[in-house]
Structure formats: structure tokens, C-alpha cells
Amino acid sequence: MPNYPQGVRSLQRLAFRGLISIAFAGLILTALYISIGRIVVSAAGYYKDELSAFLETFLKVEVSVGGLQGGWRYFDPSITVNKLILGSPQEPAIVAERVSFRISTFLSLFEANPVLTEIDIDGARLTIAEEEDGRWRIQGLPPASDKPFEFQQILDSTAHLEALTINNLDLHLTGRKATYRISSEEGHPLEVAREGDIRIVSLPVLLQKVNAAGKVQRIRLLGEYEGDLRVVEDFRANLYLDAPSLSIADFLPEIKLKKYRLASAETRGEFWLKYADQAFSLSGSIRSESIEVTDGSRRLRFLDHLDTQFEIVGSSVDEGFQLFFPSIELDVATEPLSIHDLHLVVEKSGDNYVLGGNIPKLDLAILHRSLLGLNKQIDLIPVPVFTALTEVNPRGVLEETTFYLDYSASTPDVKLTSNIRGVKIDAYLGSPAIDALNGFASLHLDRGYIDINNGNYNLHFASMFPSAWLFDSTRGRVNY
């Protein structure tokens, strides 16, 4: 054993006795905390008014408690609240028949706020309503500008949540067009459970349109997440949503095209959401058998069938994002139309968005038939333009078609470019028929040009000559 000087050995003994004293004092304080805590928690029923006042300060909303019971689990108190009401008792925002929660002692000290690690809710009722500006909020809670509900306090617990269970949920979504009821199915609670550092999410719900004959739909949200919601760099999530059937027109803002507006769009689909490293990816498939519009007096079928796959990636919807559609299959006025590998880019410009896109290949004949058939139903194209399109009857292929739409300026900026391959058009008025037009087009609303690069093709001035003229080659530009 080392032979330390007498002073050093005395200092070591003093430090050791100090550590023993601190540990002993810690044990005494812990025992006192548990003993006093058990006494206080066992008498929790006498403190429901104090709990109501604390929650009102904590959540910044009026709170009413019907009954209170307490218990103890290891070092943590557990509380059961009966008949919890948030908001005015006459017009409550949230009502829960029973709420049980476990408060982590050490995490609450660390966060300087109460941290709930286990939450069990039974019989929750609330309504989320759409306001005139398109925002959604819980009906009965004060407006954000008046007395904001303190969501940050709830986020302090989500980072440490170990178990969340919701039974007998009754949620109403009241939009400007329709009201839907979301409820939990008996024996299938909404759950979030912790497994290591990962939280497993299972949210099976029933969806039904109020005051409608539609059947009840089962919707499932499954997945997992990890990290702290308050720290975007740390948060990761993988979620899956299965929506068997939903009328998305009830949740979209008013969409108008000339005198027509979207009337119904029954869709079903599957969606996968991935969020990691401050970027999101949303992919899935959407199917619809019918999309209808109305002019106020009658309903017209806009699309007979829609089947599409898509992927959206970006860092934030407010900043911009990219969309990719591997395939879009639809029937327009009974005419089948297919679009493959459509790319779109959406960027924020001031308070508006700028849209750009690319389509590798478009069949003009199919696009032409679909457009004319649609116009016969809902009358979108002016009569002179419709007549010209009918007579010209374009066929052929447009390759690498790109388009750009910018509505941020006072005058919208629209641009379209495309490679023209083997396009055929019929004679119309004084313009000739062409059996193979090749070149490049760049078009704006008020200007543009078409570069012609043709070889071995026929040009027929039907109003002037009985037969077509054969040309070896033509090079030139047509401006407007």
C-alpha cells in the first residue's frame, strides 16, 4: 500500500466520510420524499381544485376536474382524473371521462416542467373545426391570438413518453363542406408504446360522414418514430396510412375552373411518410373511380378513372418540394390517357408558389381526343379554338416537354418548351397539311417561336393545289 504523508491520508478520510454522508443524506431525503409523497398522493382527492388551478396555469385554458385519485409507482406518482374538462363547462373543448398518467420525478426536475411518461385516456370527446381562413383548431379553445393553448408543455413529455393509450375516442372534424366522425373501435385502442429508443405507433380508427348514408370506413395509421419532437435534427419517423375510401373534396378549399367547381372526388389510397435529417419523403398510390364538377345546376363527370403513383420529397412544404409521378392512368371523357415519369418542382416565391415540370413523352393524338371529349362535356375551350383543334387534328409525339408557371408577379409568367417529333396536322383555312413536322417549340403567353427542322416530308395546301408537295428539307423559325 502506498505510504502517503499524514496530511494526505487525513484528506482522503475526510473526503470518504463526506461521500458517505452525502449518500446517507440522499437516502434519507429519498425516503422522506417517497413517504411524504405517498401520503400526499393518497389524499389526492382533496386537491382537485388545486390541480384544476395548476392545469389552468400549465395549459393556459379553463379546466374542470370531477374527481381525483392518486397512487405511487416506484419513485413516481400516478394520478387518475375523472371527468376532465378543458374549456368552458357550458361549451367544453375537450372532455375525457378518465385520464390516468404517471409523472416522472427525475425527468420533471430535469425539464423544470411536469413530464408524463405514461398516459391512459378513456372516453375523450372533442371537435376540430375549420375556420374561414382555412385553418383548423379545437372548437372551444381560445383563439391563438387571444390566449394560446400551451402545446410546448405537451412536447416536453413526448420526448420521454413510454406508453399512450386512448380508448373510446369520439372526434368530430367539422369542415366548411361536411362533418366527419372519427372514433376508436371496441377492443382496438389508439396506442404509442416505447421499445428501446423507438416509439411504436398504432392508430386504427373508424371514419364516417355525419348525416350521410356512407358506410363506416376503417383507417389505419401505423409506424414508428424516435428522437425529440422539439429538436428537428434529432427526430426521425416512418409512418404508413391506409385510407380505403375518402371524399377528398370535403377537405379541399374551393377549386374553380371557369364556372365549374369540384363537386366530388371519391378516392382511396395508401401512403408512406419518411422523415429524417430534416427532410421528408411522402410516397403512395391514389385511386378514384369518379371525379365530378358542378356549375350549380348539374353535376358533370370530369374524370371517369384515376390511378396514380407518386413521391414527394423536400425539406419543408413552406420552402418548396419535388414531386415525381411514375405513372398516371386516367380516363377523360371515356378516353384513356397515360402519362409516365412526370416530374414537378414547387418553390416558394414570396406568398406564392412557382411550378415547373417535365414530361418525357406525350402522345398528341390521345391528348387531343381527351381534351376535345372533355370540352364537349364542360365547355372549357372557346369555340374558335375548339373548331381549330378539331380541324387541325394533331398527331405525333411531344418529347421532353417542360413547363414553368409563376404567379408571384402581377402578370403571370407561363412558359412551355418541347421537342416536336413526327407531328402530323390537317389543313385548316389557309394553313397547309403536314405529314411529318419535326423541330422545337418555345411558347409564352404573349410571344414564342417554333424552330422547324424537317427532311423528306409532304406539305399540302389543300385550298390551292390538288396534291401535296414533296420537300427534301426545310429549316426555319416561325415567330409570333
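As the structure is a computational prediction, the values presented were derived from the model and not from experiment.
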Exercise. I would like to know whether His368 and Leu389 meet side-chain contact (heavy atoms from CB on, under 4.5 Å); could you show each step before the answer?
Key: CA-CA 8 Å; His368 178 253; Leu389 285 174; 4.2 Å; yes
Practice problem: Would you please test Asn167 and Asp122 for side-chain hydrogen bond (donor to acceptor under 3.5 Å, both in side chains) and show each step? | Solution: CA-CA 5 Å; Asn167 285 283; Asp122 187 27; 5.2 Å; no
Exercise. Tell me, with the steps shown, if Phe471 and Tyr457 meet ring-ring contact (aromatic ring centres under 6.0 Å, His included).
Key: CA-CA 6 Å; Phe471 288 81; Tyr457 71 102; 5.6 Å; yes
Quiz item: Would Ser290 and Glu266 satisfy side-chain contact (heavy atoms from CB on, under 4.5 Å), going step by step from the backbone distance to the final call?
Solution: CA-CA 6 Å; Ser290 174; Glu266 297 292 335; over 6 Å; no
Quiz item: Step by step, would you call Glu97 with Lys83 a salt bridge (charged side-chain N to carboxylate O under 4.0 Å, His left out)?
Solution: CA-CA 4 Å; Glu97 297 300 326; Lys83 201 66 175 184; 3.1 Å; yes
Quiz prompt | Phe310/Ile286 under side-chain contact (heavy atoms from CB on, under 4.5 Å): CA gap, chis, key distance, verdict | solution = CA-CA 8 Å; Phe310 70 92; Ile286 298 177; 3.8 Å; yes
Self-check item: Worked check of side-chain hydrogen bond (donor to acceptor under 3.5 Å, both in side chains) between Arg421 and Asn438
Solution: CA-CA 5 Å; Arg421 295 289 181 265; Asn438 298 283; 5.1 Å; no
Quiz item: Can you list the steps and then say if Leu437 with Ile452 is a side-chain contact (heavy atoms from CB on, under 4.5 Å)?
Solution: CA-CA 7 Å; Leu437 177 64; Ile452 300 174; 4.0 Å; yes
Quiz item: Step by step, would you call Lys424 with Asp435 a salt bridge (charged side-chain N to carboxylate O under 4.0 Å, His left out)?
Solution: CA-CA 5 Å; Lys424 300 179 181 180; Asp435 68 347; over 6 Å; no
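Side-chain atoms of Arg395 and Leu364, non-hydrogen and from C-beta on, never get closer than 4.5 Å to each other. At a threshold of 4.5 Å between non-hydrogen side-chain atoms, the residues Glu289 and Arg268 count as touching. Contact annotation: the side chain of Leu207 never approaches that of Val216 to less than 4.5 Å [non-hydrogen atoms, C-beta and beyond]. By the 4.5 Å heavy-atom criterion applied to side chains, Glu329 and His340 are counted as neighbours. The shortest distance between side-chain heavy atoms of Ile420 and Leu398 falls below 4.5 Å. A 4.5 Å side-chain heavy-atom check between Phe280 and Ile312 finds at least one atom pair inside the cut-off. With contacts defined as side-chain heavy-atom distances shorter than 4.5 Å, the pair Val81/Phe101 qualifies. Using a 4.5 Å heavy-atom cutoff, the side chains of Ile328 and Leu306 are in contact.
Across all their heavy atoms, Asp363 and Ala365 have their closest contact at OD1-N, 3.0 Å. Residues Ile291 and Ala265 share a closest heavy-atom pair of CG1-CB, 4.2 Å. Shown here for Pro189 and Pro204, the closest heavy-atom pair between the two residues is O-CD, 3.7 Å. Here the shortest heavy-atom pairing between Gly140 and Ala93 reads C-CB, 3.6 Å. Nearest heavy-atom pair, Pro336 versus Ser370, reported as atom, atom and distance to 0.1 Å: O-OG, 4.4 Å. When all heavy atoms of Ser264 and Arg299 are compared, the closest pair comes out as OG-NH2, 3.1 Å.
Summarising the geometry, atom CG belonging to Leu239 is positioned 12.5 Å from atom OH belonging to Tyr275; distances are rounded to the nearest 0.5 Å. In this structure, CD on Gln139 lies 11.5 Å from CG on Leu173, to the nearest 0.5 angstrom. The OG atom of Ser467 lies 6.0 Å from the NE2 atom of His460; values are rounded to the nearest 0.5 Å. The distance from the CD1 atom of Ile128 to the CG atom of Leu171 is 5.0 Å, given to the nearest 0.5 Å. Interatomic distance, Ile219 CD1 to Leu203 CG, rounded to the nearest 0.5 Å: 11.5 Å. Between atom CD of residue Glu224 and atom CG of residue Asp197 there is a gap of 11.5 Å, rounded to the nearest 0.5 Å.
Looking only at distances, a side-chain donor or acceptor of Thr308 sits under 3.5 Å from a matching main-chain atom of Ser327. The main-chain N or O of Asn454 is found under 3.5 Å from a side-chain atom of Arg475 such that the two form a donor-acceptor pair.
By the 6.0 Å contact criterion, CH2 on Trp469 is open, its count of non-hydrogen atoms from other residues, nucleotides or ligands being 12 or less. Residue-environment remark: CZ (Arg218) stays at or below the threshold of 12 foreign heavy atoms within 6.0 Å.
There is no side-chain donor-acceptor pair under 3.5 Å between Ser288 and Thr267. Between the side chains of Arg98 and Ser100, at least one donor-acceptor pair of N or O atoms lies under 3.5 Å.
Using a 4.0 Å cut-off between charged side-chain N and carboxylate O, Asp341 and Lys361 make no salt bridge. A salt bridge links Asp277 to Arg236: one of the charged nitrogens lies within less than 4.0 Å of a carboxylate oxygen.
Under the rule for a ring-ring contact (aromatic ring centres under 6.0 Å, His included), the partners of Tyr225 that lie at least two apart in sequence or sit in another chain are Phe235.
Each of Val414, Val345, Leu344 was evaluated against Leu355; a single residue qualifies, Leu344, per the side-chain contact (heavy atoms from CB on, under 4.5 Å) test.
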